[in-house]
Amino acid sequence: MLTLADVSKSYGTRELFSQVSLFVARTDRYGLVGPNGAGKSTLFNLILGEETPDTGVIEWERGADFGFLPQESAPVGEETILGIATNGAKLDLLDDNDEDYDIDWTLEPRARKILAGLGFKDADMDLPAKKFSGGWIMRAHMARLLVSEPALLLLDEPTNHLDLEALLWFQDYLTRYPGGLVIISHDRAFLNALCTGMLELRGGTLHRYHGNYDDYLAEKDARFEQQLALFKNQQREIAHQQRFVDRFGAKASMATRAKSKEKHIERLKADAVESPEEDLKRINFRFPQPARSGLKVIELKNVEQAYGEHVVYRDLNFTAERGQKLVLVGPNGAGKSTLLKILGDVIPIRGGARELGANVTPGYFAQNRGENLKLDLTVLENMMELRTAQNDLTEQQARAILGAFLFRKDDVFKNTSVLSGGEKSRLALARLLVDPPNLLLMDEPTTHLDIASIDALINALKTFEGTFIFISHDVHFIRALDAHVLHVHSGRLTPYAGNYDYYLEKSKATDARAALTAGFTDGRPPQAAPENPKTKNLNPKTDTGSEKPTAGELRKLREEVGLLEKRVSELEATQGELTAALEDPASYQNGQAQHLNRELSVVVDQIAAATAEWEKAATKLAELEAL
């Protein structure tokens, strides 16, 4: 379907890659990886015809079509979300005289189904796209590609704008996609689920590997060790032959043999493999250890938070201690990001108290990196604005920190507004090193980072002695940090006294990634329950405890307690069924997970209300039986 033969590309004196050759068949599913700046997006541009190779040929099979999803979308006009997804196609008759021969009547239902899977509500689809954020517009363009179903999909960081629920739906959809795939992504789990081959741009060369991302890592390590062993053996042989020449070359009786050895050395050098090189261009840093805080780092007391009429938290209590690493998990919309913003004092709370411990300095790392940066300043100016009398930051120190995050030479004078998503993430991390907080709060810290940079962040956080609370849908990142789990669901926090695998075991989740957004039975929010007229004032005289209830009154109350207890049991059984359905990967097809999560949230609220009624009636019964 697609052939690249001896393709080379340079910019000035900088050669990105040379003699790249690749054949893509209709059933191929490739992941394209490599360090930032290796030329992955440039290779896509060459394939798309947006740039011209310096040498080589790029050819498409006749009739083959492709769809491309860039990292960022272009500005939109007046088109609706549905209009983007259907690529402006005609969906209905314009008037009575119009012909329907050019209408694909399956297009709109398919588009709506795919948009729903990517997280759009029915009411969203007919709204102008300009009312939505860039991330949601990207989802609409993603739907456009899936609706058009080209023979080859070229996807550049497609998961950056997806929450976990939409990502799982998208991943499942692509496993059944009938065409070929070439995907640039830094998401290990996504690449493992979809790819049957990996392409790595490194050192100006395209290397091909079989299998998914984990297979690629294993094969890459094996190739490295094989090349290193061969290189060492060849160098030993060259050194051995050279010692003979050095020792006997001047002797007349050995001159012929020495000359023969010299020619042999020349042949060995000509055929010798190069020494394998590690990837040098990667983030390399450590967090300076922050000031030691008190044992109790932060405490929330009876906190209430709402957005308009939508109550997120009521009577919330939480305490974090020095040195803890906590990951927040739970359904979309449960309030994980809101909790992180409350802890970081980014948003005001409606009620209750937020108390910092002794000598605590919080630092909040937003999911939208622009919130942590000043986009009208240069990279260097974003660092220097952090200079204080206490840290006395110099330009040399700032540039040294920036260099560790791959901002070198003239890169530091770039305007921040033109940086890529990965560059903004690296700059936001670099700023944390100037005055590191001892309470680090991070919302999706690995978004836009390449895999090598994610590993560098993991290594830095492993030695971080402060308190770290974060949200992530990267299971590898969570497991590598051995973080304890705090489950957020329907206004309640449920701590798990163990790491992520302990959480999976206790929650009985069957899918490690889907469990990040699942709701479980221990997530009941405290809700104000309406009074039940059946149990209210059964005997006004006994409300004050002055008279003993009759046998009939006790019988009625016992019946009411039994009915309420049965109601709670039925609701909990329904909750168990919904939770089991959410643990089934099949539920993430056709947008079912979204519906199940909403239904589960309603059932959990009903359980809380029914439980409150039962407790009230049972308490009343116990009081009356004691008279």
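Predicted model only: the values in this text are computed from it and were never measured. Note that the numbering runs from 1 along the sequence shown for the chain.
Within 6.0 Å of CD on E50 lie more than 12 heavy atoms contributed by other residues, nucleotides or ligands.
Contact annotation: the side chain of F405 never approaches that of L427 to less than 4.5 Å [non-hydrogen atoms, C-beta and beyond]. Residues L191 and M198 have side chains in contact (heavy-atom distance under 4.5 Å, counting atoms from C-beta outward). Counting heavy atoms from C-beta outward, L153 and L174 have side chains that approach closer than 4.5 Å. The shortest side-chain heavy-atom distance between Y313 and L339 falls under the 4.5 Å cut-off. Side-chain contact check for L4 versus L2: some heavy-atom pair is nearer than 4.5 Å. Looking at R29 and I183, their side chains never come closer than 4.5 Å, going by heavy atoms from C-beta outward. Put simply, the side chain of D474 does not reach to within 4.5 Å of the side chain of D187, judged on heavy atoms. For the pair L316/Q305, no side-chain contact is recorded, criterion being any heavy-atom separation below 4.5 Å from C-beta on.
For the atom pair NE2 of H484 and OH of Y503, the computed distance is 15.0 Å after rounding to the nearest 0.5 Å. To the nearest 0.5 Å, atoms CG (L32) and CG (L181) are separated by 13.0 Å. With rounding to the nearest 0.5 angstrom, the CD atom of E304 is 7.5 Å from the CG atom of D315. To the nearest 0.5 Å, atoms CD (E444) and CZ (F470) are separated by 10.0 Å. Rounding to the nearest 0.5 Å places CD1 of I184 at 4.0 Å from CG of D156. Here the CG atom belonging to D411 is positioned 11.5 Å from the OG1 atom belonging to T378, to the nearest 0.5 angstrom.
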For this session: Show the numbers, then the answer: is there a salt bridge (Lys or Arg N to Asp or Glu O under 4.0 Å) between R431 and E385?
Result: CA-CA 10 Å; R431 283 167 53 93; E385 67 140 3; 2.9 Å; yes
Problem set entry | CA sep, side-chain torsions, deciding dist, call: R188, T446, side-chain contact (heavy atoms from CB on, under 4.5 Å) | CA-CA 11 Å; R188 297 168 193 253; T446 62; over 6 Å; no
Exercise. Run the side-chain contact (heavy atoms from CB on, under 4.5 Å) check on F132 and L127 step by step: do they pass?
Worked result: CA-CA 9 Å; F132 293 80; L127 294 176; 3.9 Å; yes
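Under the 6.0 Å distance and 45° angle rule, K40 does not count as a cation-pi partner of F44. Under the 6.0 Å distance and 45° angle rule, R139 does not count as a cation-pi partner of F120.
A side-chain contact (heavy atoms from CB on, under 4.5 Å) with K341 holds for exactly one of V346, D443, L441; it is V346.
Ring centroid separation for the pair Y173 and F170 does not come in under the 6.0 Å cut-off. Aromatic ring centroids of F68 and F66 lie 6.0 Å or more apart.
For the residue pair N415 / S417, a side-chain donor-acceptor distance below 3.5 Å is found, with atom types taken as modelled.
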